[in-house]
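Notes to accompany the following structure.
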Amino acid sequence: MDHSADAHRTDLMTITRFVLNEQSKHPESRGDFTILLNNIVLGCKFVCSAVNKAGLAKLIGLAGETNVQGEEQKKLDVLSNEVFCKALISSGRTCILVSEEDDDAIFVEPKQRGKYCVVFDPLDGSSNIDCGVSIGTIFGIYMMKDNHEPVIEDALQPGKNMLAAGYCMYGSSCTFVITTGSGVNGFTLDPSLGEFILTHPDIKIPKKGKIYSVNEGNAKNWDGPTAAYVEKCKFPTDGSPAKSLRYIGSMVADVHRTLLYGGTFLYPADKKSPNGKLRVLYEVFPMSFLMEQAGGQAFTGKERALDLIPTKLHERSPIFLGSYDDIEEIKALYAAEAK
């Protein structure tokens with residue numbers, strides 16, 4: 001990539017321009033979705049700025065409350081949650097919000113109500129703030145099925161019903177990755193312009209990868225197929241080289257690397273967490289949607305992840321996602337065990 005030439009490019013594809021281009025492909029569109037996405041992007045810019053200043057602004061002390069997952073809330077969590085809730089409600093396009101930080105869904109009052117339901121984790125990996133590891137925001141967007149009074153079931157839809165999903169990673173650069181159901185595109189925040197610029201058009205995950213990503217500290221509690229797959233990664237029997245282990249412990253960062261370089265990201269069920277650890281609505285579904293749109297797969301150990309029908313807002317599920325061929329291997333191990 002010619003960075004010096006890049007610096008002088010004048011025809012920049014900003015995220016706003018990109019979304020408007022997509023909108024123009026749908027003549028019946030009234031721009032509601034575009035407005036909603038613009039508000040999500042604004043929330044991400046705000047949080048990016050807050051994350052960068054966290055050390056200076058003394059935002060990294062504990063806020064002293066515990067969220068519904070039993071995690072102590074960092075001040076940045078609280079701030080990010082407020083920012084996204086306000087940005088989404090003020091768009092006038094949402095009717096239900098489901099946040100990782102809030103026990104219950106937020107129902108938008110009628111005068112500000114729209115037709116979209118947004119599920120999100122405002123700051124995933126926030127326990128990593130202190131050591132400077134990449135963290136991020138994850139979101140998914142559903143549409144209300146019809147014009148009825150919103151109910152909790154409108155948020156409890158299978159992942160395959162999602163209209164759009166994405167994440168924003170706050171790391172060495174601020175990266176926004178999104179799918180609206182026709183491929184995956186990545187944008188990087190240009191701080192001098194305050195705009196997200198298209199830097200990763202039409203992301204495709206390699207069909208097979210050389211990396212596996214899992215918390216091996218849980219190995220003694222794994223089921224047979226997971227243990228067998230990781231063993232195969234380390235000691236291949238077919239003469240191929242062993243895979244490399246890369247595990248950051250921040251889902252956004254681990255999935256982002258998997259998306260770009262290929263391989264697998266796994267958070268399986270184990271004896272300690274029989275339903276897995278990651279939340280279905282705002283972690284498993286958005287990342288699975290992105291992975292499938294980039295040509296990969298996402299599997300729960302039992303079924304395609306996007307076919308799962310959640311019954312609770314903060315339900316958890318095991319997840320295996322990544323390169324198509326690698327996930328096929330995992331599926332074959334589970335199928336063999338089922339026999």
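Quick note: residue numbers are just sequence positions, from 1. Values below: all heavy atoms of this structure, side chains included; hydrogens, waters and symmetry mates excluded.
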Exercise. Roughly how far apart are Phe285 CZ and Ile138 CD1, rounded to 0.5 Å?
Worked result: 13.5 Å
Problem set entry | Under 3.5 Å: donor-acceptor pair, side chain of Asp270, backbone of Ser273 | yes
Exercise. What's the verdict on salt bridge (charged side-chain N to carboxylate O under 4.0 Å, His left out) for Glu292 and Lys160, showing C-alpha distance, side-chain angles and the deciding distance?
Worked result: CA-CA 10 Å; Glu292 284 198 5; Lys160 61 185 177 189; over 6 Å; no
Problem set entry | Heavy-atom side-chain contact between Val177 and His200 under 4.5 Å | no
For this session: Report yes or no: do Tyr324 and Ile211 belong to one cluster of Ile/Leu/Val/Met/Phe/Trp/Tyr joined by side chain heavy-atom distances under 4.5 Å?
Result: no
Exercise. Below 4.5 Å, heavy atoms only, C-beta onward: do Tyr167 and Ile178 meet side chain to side chain?
Worked result: no
Exercise. Can you check whether Ile15's main-chain N or O pairs, donor with acceptor, with Arg17's side chain at less than 3.5 Å?
Worked result: no
Exercise. Is it true that Arg316 and Glu283 have a side-chain N and a carboxylate O under 4.0 angstrom from each other?
Worked result: no
Problem set entry | Polar side-chain atom of Thr180 near backbone of Ala164 as donor-acceptor pair, under 3.5 Å | no
Exercise. Parallel, tilted or perpendicular: which describes the rings of Phe120 and Phe84, with under 30° parallel and over 60° perpendicular?
Worked result: tilted
Exercise. Which heavy atom of Leu123 sits nearest a heavy atom of Ser80, and at what distance?
Worked result: CD2-OG, 3.7 Å
Problem set entry | Any donor-acceptor N/O pair, Tyr142 side chain to Gln157 backbone, under 3.5 Å | yes
Exercise. After noting the C-alpha distance and the side-chain angles of Ser126 and Asp77, does the key distance pass the side-chain hydrogen bond (donor to acceptor under 3.5 Å, both in side chains) rule?
Worked result: CA-CA 7 Å; Ser126 53; Asp77 285 14; 2.8 Å; yes
Problem set entry | Presence of salt bridge, Asp238 and Lys232, under 4.0 angstrom | no
For this session: Fit a plane to each ring of Phe320 and Phe299, take the angle between them on a 0 to 90° scale, and name the class: parallel (under 30°), tilted (30 to 60°) or perpendicular (over 60°).
Result: tilted
Exercise. Do NZ/NE/NH1/NH2 and the carboxylate oxygens of Asp154 and Lys115 come within less than 4.0 Å?
Worked result: no
Problem set entry | Lys277 atom NZ, over 12 foreign heavy atoms within 6.0 Å | no
Problem set entry | Shortest non-hydrogen contact between Leu266 and Pro268, atoms and distance | C-CD, 3.7 Å
Exercise. If you count the non-hydrogen atoms of other residues, nucleotides and ligands that lie under 6.0 Å from NZ in Lys210, is the total more than 12?
Worked result: no
Exercise. Between Arg113 (side chain) and Gly92 (backbone), is there a donor-acceptor pair under 3.5 Å?
Worked result: no
Seminar exercise, completed: Between Leu259 and Ala294, the two heavy atoms sitting closest are CD1-CB, 3.7 Å
Exercise. Counting only N and O atoms by type, is there a donor-acceptor contact under 3.5 Å from the side chain of Asn81 to the main-chain atoms of Glu101?
Worked result: no
Problem set entry | Ionic contact status for Lys207 with Glu328, cut-off 4.0 Å | no
For this session: Check the pair Thr311 / Glu315 against side-chain hydrogen bond (donor to acceptor under 3.5 Å, both in side chains), numbers first and verdict last.
Result: CA-CA 7 Å; Thr311 54; Glu315 191 170 315; 2.8 Å; yes
Exercise. Is there a donor-acceptor pair closer than 3.5 Å between any side-chain N or O of Asn215 and the backbone N or O of Gly217?
Worked result: yes
Exercise. Are Met169 and Thr137 close enough that some pair of their side-chain heavy atoms sits under 4.5 Å apart?
Worked result: no
Problem set entry | Leu189 to Gly194 - nearest heavy-atom pair and separation | CD1-C, 3.9 Å
Problem set entry | Thr34 and Leu20, any side-chain heavy atoms less than 4.5 Å apart | yes
Problem set entry | Closest non-hydrogen atom pair between Ile205 and Gly322, with its separation | CD1-C, 3.6 Å
Problem set entry | Check: Leu306 and Pro158 side chains under 4.5 Å, non-hydrogen atoms | no
Exercise. Within a radius of less than 6.0 Å around CD1 of Ile309, do more than 12 heavy atoms belonging to other residues, nucleotides or ligands occur?
Worked result: no
Exercise. So if you build clusters from Ile, Leu, Val, Met, Phe, Trp, Tyr with side-chain heavy-atom gaps below 4.5 Å, do Leu42 and Ile40 land together?
Worked result: no
For this session: Please test Glu216 against Lys234 for salt bridge (charged side-chain N to carboxylate O under 4.0 Å, His left out), starting from the C-alpha separation and ending with a verdict.
Result: CA-CA 12 Å; Glu216 288 222 40; Lys234 294 196 275 196; 3.1 Å; yes
Exercise. Salt-bridged, Lys331 to Glu303, with N to O below 4.0 Å?
Worked result: no
For this session: Supply the atom-to-atom distance Ile152 CD1 to Leu313 CG, rounded to the nearest 0.5 angstrom.
Result: 4.0 Å
Problem set entry | Any Val214 side-chain heavy atom under 4.5 Å of Trp222 side chain | yes
Problem set entry | Test item: Ile129 and Ile135 side chains (from C-beta on) under 4.5 Å apart, heavy atoms | yes
Exercise. What distance do Leu290 atom CG and Thr179 atom OG1 have between them, rounded to the nearest 0.5 Å?
Worked result: 6.0 Å
For this session: Might you work through the side-chain hydrogen bond (donor to acceptor under 3.5 Å, both in side chains) test for Ser49 and Lys45, ending with a clear yes or no?
Result: CA-CA 6 Å; Ser49 166; Lys45 287 179 186 173; over 6 Å; no
Exercise. Would a hydrophobic clustering, with Ile, Leu, Val, Met, Phe, Trp and Tyr connected at side-chain separations under 4.5 Å, put Leu37 with Ile35?
Worked result: no
For this session: Supply the atom-to-atom distance Leu260 CG to Thr175 OG1, rounded to the nearest 0.5 angstrom.
Result: 8.5 Å
Problem set entry | Hydrophobic cluster membership, Met251 vs Ile248, 4.5 Å side-chain cutoff | no
Exercise. Can you tell if the side chain of Glu100 reaches within under 4.5 Å of the side chain of Arg279, non-hydrogen atoms only?
Worked result: yes
Seminar exercise, completed: Smallest heavy-atom separation, Leu163 atom then Met143 atom, equals CD1-CB, 3.8 Å
For this session: Show your working on ring-ring contact (aromatic ring centres under 6.0 Å, His included) between Phe33 and Tyr116 and close with a plain yes or no.
Result: CA-CA 8 Å; Phe33 188 68; Tyr116 296 106; 5.8 Å; yes
Problem set entry | Non-neighbouring partners of Lys86 that pass side-chain contact (heavy atoms from CB on, under 4.5 Å), sequence neighbours left out | Glu82
Exercise. In Å, rounded to the nearest 0.5 Å, how long is the span from NZ of Lys302 to OG of Ser317?
Worked result: 8.5 Å
For this session: Would you please classify the geometry between the Phe176 ring and the Phe196 ring as parallel, tilted or perpendicular, with 30° and 60° separating the classes?
Result: tilted
For this session: Please determine, by modelled atom types, if Thr226 and Asp223 share a side-chain donor-acceptor pair under 3.5 angstrom.
Result: yes
Problem set entry | Results of salt bridge (charged side-chain N to carboxylate O under 4.0 Å, His left out) for Lys25 - residues two or more places apart only | Glu22
Exercise. Does Thr94 use its side chain to pair, donor to acceptor, with the backbone of Leu88 at less than 3.5 Å?
Worked result: yes
For this session: Please round to the nearest 0.5 Å and tell me the distance separating atom CG of Asn275 and atom OG1 of Thr300.
Result: 11.0 Å
Exercise. Can you hop from Phe46 to Leu97 via hydrophobic side chains spaced under 4.5 Å?
Worked result: yes
Exercise. Counting only heavy atoms not in Tyr261, do more than 12 sit closer than 6.0 Å to its OH atom?
Worked result: no
For this session: Indicate yes or no for a side-chain donor-acceptor contact from Ser323 to the backbone of Pro206 under 3.5 Å, with no hydrogens or angles considered.
Result: yes
For this session: Salt-bridge test for Asp202 and Lys204: reply yes if a basic N is under 4.0 Å from a carboxylate O, no otherwise.
Result: yes
